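All values derive from a computational prediction rather than experimental measurement. First listed ligand is number 1; within each ligand, the first listed atom is number 1.
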Amino acid sequence: MLKRTLHAFITAAKGLSLTLKHLFAARKAREELDIKQENYFEKQQGVTTIQYPKQEIPIPEIARYQLDVEIDDCIVCDLCAKACPVDCIDIEAIKATEVIGKTSDGSVKRLYAAKFDIDMAKCMYCGLCTVVCPTECITMTDNYDRSFAKLSDLVYEFSEMSEAEIEEKRAALARSQAEKEAAKRK
Ligand code: SF4
Ligand code: SF4
């Protein structure tokens with residue numbers, strides 16, 4: 001009887017000491033260590049979570065987060081959409097009747113981007129689209145804080161064309177094609 005009571009006390013004391021150890025350690029919050037520091041992955045003492053958004057852990061310089069498209073530099077070649085393994089880039093191009101202009105790297109623009117949507121809810125952040133882009137206008141940004149109540153809000157629209165502009169360009173292309181056909185028949 002005495003032995004069992006003593007054993008119960010020892011077990012309770014061991015449990016309590018462990019609880020107290022964690023209780024005191026939890027007074028210390030996790031430090032915002034830079035990922036470049038050698039001890040970044042070492043187990044930290046105390047609370048392992050941080051007080052986000054008041055506290056933020058620095059992120060690596062080359063990280064894969066929110067995609068961005070500099071649409072003025074896009075030649076609407078569709079390579080990014082073709083490279084995407086999960087089909088989350090949706091592009092609709094309209095052929096221009098003449099050269100539209102040039103991108104910042106000197107590439108000639110001959111297509112309008114009537115639609116350029118990226119569904120970030122499907123994106124698996126592989127970065128393939130950024131690798132194949134000939135004008136380097138699709139890039140990964142450091143924006144990782146994207147919380148929305150609706151899944152559809154994760155579809156980012158990069159086309160800057162209005163419905164009226166799209167209709168006008170479609171009509172111009174149809175006219176141009178009809179003129180070419182008529183010229184061929186003569
Ligand atoms: S990062 Fe990968 S999954 Fe995401 S849009 Fe680009 S190619 Fe598609
Ligand atoms: S690969 Fe680059 S240039 Fe081509 S459609 Fe995609 S973003 Fe535009």
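- Distances below 4.0 Å separate heavy atoms of L67 from the following atoms of ligand 1: 5 (S), 6 (Fe).
- Considering all non-hydrogen atoms of both residues, C80 and I91 come closest at SG-CD1, 3.7 Å.
- Scanning all protein heavy atoms for the shortest distance to atom 6 (Fe) of ligand 1 gives C129 SG, 2.3 Å.
- Scanning the protein heavy atoms around atom 4 (Fe) of ligand 1, the nearest turns out to be C123 SG, 2.3 Å.
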**Study point:** Pair Y65-D145, side chain to side chain donor-acceptor pair (under 3.5 Å): steps then yes or no
**Key:** CA-CA 9 Å; Y65 297 112; D145 188 355; over 6 Å; no
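- Under a cut-off of 6.0 angstrom, the local environment of OH in Y52 is crowded, with over 12 non-hydrogen atoms contributed by other residues, nucleotides or ligands.
- Contact check for P85 versus M124: side-chain heavy atoms found under the 4.5 Å cut-off.
- Each of the following atoms of ligand 1 lies closer than 4.0 Å to a heavy atom of P85: 7 (S).
- Residue contact annotation: G127 has a non-hydrogen atom under 4.0 Å from ligand 1.
- The shortest distance between side-chain heavy atoms of H7 and R4 does not fall below 4.5 Å.
- Between F158 and D117, the closest side-chain pair of non-hydrogen atoms is not below 4.5 Å.
- Closest non-hydrogen pair, Y125 versus Q66, comes out as CE2-N, 4.4 Å.
- For atom 8 (Fe) of ligand 1, the set of nearby N, O or S atoms under 2.8 Å includes one belonging to C84.
- Given atom 5 (S) of ligand 1, the protein heavy atom at minimum distance is C88 SG, 3.3 Å.
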Practice item. Using the side chain to side chain donor-acceptor pair (under 3.5 Å) rule, take S107 and D105 through it: C-alpha gap first, then chi angles, then the decisive distance, then the call. Key: CA-CA 6 Å; S107 305; D105 72 351; 2.8 Å; yes
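- The ligand atoms of ligand 1 that sit less than 4.0 angstrom from a heavy atom of V86 are 3 (S).
- Here side-chain hydrogen bond (donor to acceptor under 3.5 Å, both in side chains) pairs that include residues 87-101, with residues two or more places apart or in two chains, are D90-K115, E92-R170.
- Of the protein's non-hydrogen atoms, the one nearest atom 2 (Fe) of ligand 1 is C126 SG, 2.3 Å.
- Counting atoms of ligand 1 from 1 in the listed order, those under 4.0 Å from a heavy atom of M124 are 3 (S), 4 (Fe).
- The number of heavy atoms from other shown groups lying within 6.0 Å of CD (E70) is above 12.
- Of the listed residues (I71, T130, D73, T103), just one forms a side-chain contact (heavy atoms from CB on, under 4.5 Å) with C137, and that residue is D73.
- Among protein atoms, those of element N, O or S found less than 2.8 Å away from atom 8 (Fe) of ligand 2 are C74 SG.
- With a heavy-atom cut-off of 4.0 Å, M140 touches ligand 1 through its side chain alone.
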